[in-house]
Structures are given as structure tokens and as C-alpha cells.
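To keep things clear, I will list the structure first and then write my remarks on it.
Naming convention: chains lettered A, B, ... in sequence-line order (proteins, then strands); numbering from 1 in each chain. Basis for what follows: all heavy atoms, side chains included, without hydrogens, waters or symmetry-related copies.
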Amino acid sequence: MNLDLTKEQEVLRSLARDFLAKECPMSLAHVRDDDRGLWDKIGHLGWTGLIVPKQYGGMGATLLDLAIVLEEMGRRSYTGPFFTSAVESAMFISDLGTERQKAELLPDLAAGNKIFSLALTEPSARYGPEGLSATAWRRGNGYVINGVKLFVLYANAADYVVCLARRTDKEVIALVVNKSDPGVRIQELMSTTGDSTCEVVFDNVKVQATQALGDRGIEQHKFDGLLENLAVAKCAEMLGGAQQVLDATAKYCKHRIQFEHHIGSFQAVQHHLANMLIAVDGCRLLTYKAAWLISKGLPCTRLVSIAKSWTNDAYGRVTTLGQQLQGGPAFIGKHDMPLFYRKAVASQAMYGGNDFHRAVIAREILGC
Amino acid sequence: MRHEAIAIGSALLFGLTPEEIQFQQEVDKYLNKAVTEGVRGEWRSGLGYGQHCWDLLRKLGEKRWLACDWPERYGGLGFPFIKAYIVLERLDYHRAPRLTQAVNMVGPVILKFGTDEQKQAFLPKISSGQIEVAVGFTEALSGSDLASIRMTAVKQGDSYVLNGCKTFSTRCHFAKYHWVLARTDASLPKHKGLSLFIIDLGSPGIDIRPIWCMDGTRTNRVVYQDVRVPAGNLIGEENKGWIEVGMVLDRERVNVGATGLSRYLFEELTKYVKETCPGDASVRQKLADCAVELEAASLFVEEAVHMLNNGDSPAYECALAKLFTTESRARLINIGLEVLGLYGQLMPGSKWAKLGGLFEWEHRNMIMWTVGGGPSEILRNAIAIRGLGQPRD
């Protein structure tokens, strides 16, 4: 075992930490960054193209490198379109697009000039092709898209929406749609997380055939692979949040005095803290092991689901205990704790909640 | 401002190196044959080593696998700690004795603090599997608060005279020596007046009485009445016993945290589910829960072993590994019993018992793992204090 990062990754982590400490104060998470101030700065760093291949203007980073940046963003409770544009959309376009599409779309995505938003889930609230009922029927030279996409991050801030839809009963494709095209209606929902999450309605939206990524339906293994990558990316962000909550809570307990003692000296408090540390350390080991397996091209399905299951549970427990131990002050709306406590609700469900992942694990173990 | 240098690839590595894997396979292949039903039955009976267990330990000693991380001159192979852990983990998986207490707890202290004479006298016998040394720390009034022990050792000429009573000294009825923590200076603060002794259990004045536990295993209450011990059997310095014991505590915790048995139980439960109720959605979720915790336990232990192997001083990782492995195994056993339903109550040997009554017995035995060797509550305190900088009072 070796848990050391490469020198470059250490540099990346400290750069990310310093940059976000300066440019992404927690206060920013309380008032969403709608003026693109932080977004432009992230773009200047090149992180909007972090995982975009170099030949398309990106940095060609691996999932491990991405995990480091996402972990740091999670620590600051970063609120903005990074995940949907630079992670979700970047992965879908890089994986599914033709050379020409990639050359056309990715440089703008990588530079942060254009924001992309992934419209994957629907009212079924399920991942995987079986949950999709939006359609993209062939008509003439192009497609007509109909359907409702839900929980689409920052669609209202995006320039393009990458929409997953059925081309036939059996085939799902991804299409890149200009947000201002006729028939696209976007409405932001009221999410507890502080992130923008939207309903995107496609009402007879006509697009060119060239807007469909690739020239065939998405193969199941590719789809699964993308979902696995994204589940691990989400774990990394959750890990950062969980670590931040633990650090803040441990610090609070070290200084808060009641009954003439620091509350961190009370065993009831210490046991909660120890449980939080176990939860967070587990997130770290499992998330990085999953990212490592993926980056090595090794079989990873079981471990990705184990990592997401653990991280889901852990993030819920850590944020709840963080609220509990930091007591009344943390209940105040402007305190940092609620940022994490509330974000956990959506993060736990994204890319598979526990029922979903435990079902995958059971299938892997039992072989049926 | 743009940061260009991102290396593809990484130093990150999980799991064992190819060479370690080869060693693991070699050990596994050997134990497949060497750990017979005779060994298992004897060990599981809880009565102690009989002929089968001694044979196995001595064969491991001959191969120098019993203490493979010790120097060659004391019967080891000079291997890194991780290989010693591999042997222990595989023994645990095969439900055989996990090396000996002499190897796990006593030898490392003698290696570090013993005189040359003591090393010569004890280490070769321990590493060859000739003797067991029973640990005698706990007393009736000193469990979690171990430093409060009352057994006294008073120096008289060139020997010490010991008086007091140890309890839960599990291996005394088949061990040659007793590894005893006793108070040599009552005027010092409680942690500072303790010393370590290795004592021949045949010494006059020692009375060993059995205590029978709920899993059928035997442990002992050991009464010392004016037991005279040569001063040469004091290990390390007088009044430094607490520190000496503490130096190998992390190692012991990792050993107790070994995941071999959990892995075996998980595999048995998986087989049972496959045969009886593979389509039961609720059972599948529970089995998946077990898989998640087993993977996490393995990684916690892997990290702790890795730190010890590199000579780092883990702050809390070993305590965490012991805590999580034992508690998650208890959850695994309870899930196993739930899945077994009414069959869960049937004991080993009973007509209709499933999986040989394995989970029923483990359910009785598992209490020992979360209570002994640092109970979960004390470990949580240690994790909060050492891992998260919380104040002691």
C-alpha cells in the first residue's frame, strides 16, 4: 500500500486549497455565485478543462487528480456549475463525442467560456437507461426531443444542455442542445442544497443530427462506466465536505467549555467524534481505492458501489453529528454547518443511493 | 496562473505487492493442508492447545514463519512486519491459533527491551513454537483502567516477591510462563510504578484456577502468594513497565484487528444465501452491508499495517482498525443469525444445525473481541484524543 500522492498531485492539492480558501469563502456558498466571478477565476486556472484531453484544450488529468480538486471544493462547500460542466458534461462529451464534436465543443468547455449542464435524470429519479423515457425521434435530417428532465444542475446558468434521450425503445443517445433553442423550458426547483437544480422541459425541440454525440446508441458498458466515474467523483466531493465538518467539529469541541471543562473531554462527545473519524477515514480509503482502480483500468464495479454506499452513510452521519455536537450556534442559518448538512441530502442520492448500490454489490457477490 | 503540470499516473497503491502476494499464496497453500480439522476442533473447543495445535505451531516454527519478522539469530527470517501480519491473517482465516501470544505480545518487548541473556533464554523457544507465554495484566478491579493494578512485586536481595491475583489469564493452564505487570513502587503515580516480569508458571506459590466462559472457553484466575522470582526475570527497567507494554500495543491492536475470520464468516454466509435465498431483496441488502464494512475494515487494517511496516508511529490508526474490525464482525455475525432465522439458535453439533452452528458459536465468542484487548469505549476515547486532539479532562 502507498497512500502518498505524486509531487504534482501534492502541488495540485495545495494550490486548490489555497485558491479556494481565498476565492471561495464559505460565505459565498450562502449566496450563490451567479455573477460568474468565481467561475471565471476557476477557468483562468484551467480547471474547467481539468479532465478534458489536452488536444482539446484541457489538462488531461485523471480521475485521481479530479478527486483531489473535488475534495477541496467539497471542503469549501463550493456552490456552482463546476460539477455539471467540468465533470459530468466533460466526461460525457469526451467519452461519446466524435472527433469533430469534441474539437468543436470541448475547447469552449475547457476554457470555461461556455457552461454545459448534464440532463440525465427524469421524474423516475433513477440512474441508468431504464429510468429514461424522454425521446429523441429521428425526423428528416435531425431529431425531435420530447420529455422532462429533472434535477439538472445549473441548467439556468448553462449555455448548452447535454440531454439523454431514447432514440429507439432500446437505444439511448446524448444530444447537445443550445439552451436558447425553441421548445426548451427551464425552471429552477427549490432545493435544500443551495445549488441550482432545475426541471428542463423539451417540447418538440428540433436539433441537427450532428448534435447527437457519436453515431449510435450508448453501449451499456460505456453508460455504466460513466456512472461509475461520476459516482466516485461525487464521493470525492462528499469526502471533502465530511472532512471539513469533522475538522470544524473537533475544533469546536476542543474549545467549547461547559461544566468548567472542554466538552471534548467528555466521553459521550469523544465517542461521537471517534465515530465521525472512522466514517471520514473510510470515505478517504474507499474513494481513493475506487479512483485508483478506475485509473488503472481494473475491475471496479463492486468497489465503486461499496465506496458510494459507505460515503452516503458516512456523510449523513458526520453532518448530523456535526450539527449535534456544535449545538445551538450551528442551528443558525448563517452558520457553515447547515451548508454541509443540507448538501448531504442530494449528494447521497446522486449517482445512486444506498438501495441502488447495495443491489449492485449483492449482484456482484452472488453473481445473480 | 494556469497550472500545467499534472502527472498521469500516481504513486498510489492499494493491496499487496506482487512479492507479498506470492508469500501470501505460499502461506495459504501450506495452511490449507497444515490446518486440519483436528487443529480447528481443538482450537475452537477453547480448552487450549492440544497435540494438534502444538504440532502446527512447531511446524510453523521450523519454517520460521511463526516469528518471520524477527532477526534470523532468534529464529525469524528478518522479514518486514507486513509478512508477519500475512501469516497471522491467514491463520485467522483458517480458524487456527493466530500465532501465539508469546510471539505477538511478549517477543517484541523482549526484542526491544530485554538483555542479551533474556533474548537467548526466551526468543528461540518462542519462535520455534516450543512454548506459550500467557498474558497476566488484568485484575478483578483493573480492566479498562489497567494502570490501577494492585499485584505487588517487592525486591528482596536478588529476587522479587510477588503477591496478588490476576484474572482472565487465558492461557495459563497450558503456557510455560506468565507475562505479568506488577507494582514495584506504590509511592509513584499509578502509571509509573509498574514493572514487567516473565515468570515460570511452575514457581511455588502460584495457583491457577479455571474460569469457564459463555463460549465454552477456559480462562483462569491466577493467585500469587509470596512467589519468588529471580531479578533476572524483570524485563526492561524497573518502574518502566507501562511504557514497555505501550510500545507494542499498536502491533497487538492490529493483530487483533486482523480480518481473516471476518472474511471467512462472510464467505460462509454468502454461500448460505446463494443456496437458500438468493432472491430475497432484504437479505441481499444486508449482505451488501456486510461487504461494505468488510472492505472498509480491510482498508483500515491495511493502512495500519502499512504504517507499522514503514516504522511510522500511528496516532490512532491501530486502535481504529481493532475497533472497526471487531465491531463490524459483531454486526456481520448478527446479520448471519438474522438470515439463519430459527436455525440461528442451533449450536455446533446439534441436529439440523446450519453451517455447523458456526454463527451461534461466534455470537457467544464475539463479546470477547469488543471487550478484551481494549474495549470499544476506551478505543473511542483514544481515537478522539490522539486522532482529533481532544483534551483528556
Side-chain angles (χ1 to χ4, degrees), chain A residues 1-9 11-12 15 44-47 50 59-62 64-65 246 250 253-254 261-262 264-265 267 269-271 273-275 277-278 281-282 285-286 288-289 292-293 295 302-303 305-306 309-310 313 354-355 357-368, chain B residues 1-17 82 266 270 273-274 278-279 281 283-300 302-303 305-306 309 316-317 319-320 323-324 376-377 379-385 387-393:
Chain A
M1 188 190 229
N2 183 5
L3 295 175
D4 299 337
L5 298 175
T6 61
K7 214 180 227 170
E8 290 81 359
Q9 285 166 339
V11 170
L12 181 64
L15 185 77
H44 287 314
L45 276 176
W47 290 350
L50 191 68
M59 301 173 85
T62 64
L64 274 174
D65 306 318
L246 174 58
C253 294
K254 236 155 79 172
H261 290 278
H262 294 102
S265 69
Q267 296 195 0
V269 170
Q270 290 184 347
H271 290 191
L273 286 169
N275 289 338
L277 180 56
I278 294 169
D281 275 10
L285 289 166
L286 291 165
Y288 278 93
K289 183 167 180 183
W292 174 75
L293 286 174
S295 70
R302 192 181 64 96
L303 210 100
S305 284
I306 285 177
S309 286
W310 175 281
D313 283 341
N354 281 354
D355 287 357
H357 283 293
R358 282 176 170 79
V360 173
I361 296 163
R363 207 159 51 233
E364 289 282 311
I365 296 166
L366 294 167
C368 62
Chain B
M1 176 105 189
R2 193 176 155 119
H3 172 70
E4 289 290 355
I6 292 174
I8 303 289
S10 150
L12 207 59
L13 176 75
F14 284 90
L16 302 173
T17 64
I82 189 157
F266 177 74
T270 303
V273 169
K274 259 187 189 167
V283 168
R284 292 173 73 97
Q285 293 267 322
K286 285 174 189 157
L287 193 64
D289 269 338
C290 295
V292 171
E293 294 210 327
L294 179 57
E295 180 67 36
S298 306
L299 284 174
F300 287 142
E302 189 181 332
E303 187 183 21
V305 169
H306 170 73
N309 198 52
Y316 66 93
E317 288 82 355
L320 194 160
L323 172 70
F324 193 78
S376 298
E377 291 69 26
L379 294 176
R380 283 195 166 83
N381 295 345
I383 291 166
I385 291 167
L388 292 168
Q390 298 305 304
R392 281 175 194 275
D393 54 90

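Applying the ring-ring contact (aromatic ring centres under 6.0 Å, His included) test to B:Phe14 and every residue at least two apart in sequence or in another chain returns A:Trp292. Looking at residues two or more places apart in sequence or on another chain, you find a side-chain hydrogen bond (donor to acceptor under 3.5 Å, both in side chains) between A:Arg302 and B:Glu295.
Residue A:Asp355 touches chain B through both its backbone and its side chain, counting heavy-atom pairs closer than 4.5 Å. Both the backbone and the side chain of B:Glu377 come within contact range of chain A, judged by heavy atoms closer than 4.5 Å. With a 4.5 Å cut-off on non-hydrogen atoms, B:Leu379 does not touch chain A at all. With a 4.5 Å cut-off on non-hydrogen atoms, A:His271 touches chain B through its backbone and its side chain both. In this structure, no portion of B:Leu16 lies under 4.5 Å from any heavy atom of chain A. Residue contact with chain A, scored on non-hydrogen atoms closer than 4.5 Å, involves the side chain of B:Leu320 exclusively. Looking at B:Arg392, the atoms closer than 4.5 Å to chain A (heavy atoms on both sides) all sit in the backbone: N, CA, C or O. Heavy atoms closer than 4.5 Å to chain A are found in both the backbone and the side chain of B:Asp289.
Checked by atom type and distance alone, the side chain of A:Gln270 pairs as donor or acceptor with a backbone atom of B:Pro391 at under 3.5 Å.
Note that CG of B:Leu12 is 7.0 Å distant from CG of A:Leu5, once rounded to the nearest 0.5 Å.
For the pair B:Val273/B:Arg284, no side-chain contact is recorded, criterion being any heavy-atom separation below 4.5 Å from C-beta on. At least one side-chain heavy atom of A:Ile365 sits under 4.5 Å from a side-chain heavy atom of B:Phe266.
If you check the side chains of A:His357 and A:Ser309, you find no donor sitting under 3.5 Å from an acceptor.
Across every non-hydrogen atom of A:Asp313 and A:Arg358, the tightest pair is OD2-NH2, 2.9 Å. When all heavy atoms are compared, the tightest approach of A:Cys368 to B:Pro278 is SG-CB, 4.2 Å.
Heavy-atom pairs under 4.5 Å with chain A peak, among B:Gly389, B:Gly387, B:Ala297, at B:Gly389. Contact count versus chain B (heavy atoms, under 4.5 Å) is highest, among A:Asn275, A:Val360, A:Leu303, for A:Asn275. In terms of non-hydrogen atom pairs under 4.5 Å with chain B, the most contact-rich of A:Leu293, A:Leu246, A:Leu286, A:Leu277 is A:Leu277. Ranked by heavy-atom pairs under 4.5 Å with chain A, the list B:Asn381, B:Ile383, B:Thr270, B:Thr17 is led by B:Asn381. If you tally non-hydrogen atom pairs under 4.5 Å between each of A:Lys7, A:His262, A:Gln267 and chain B, the highest count goes to A:Gln267.
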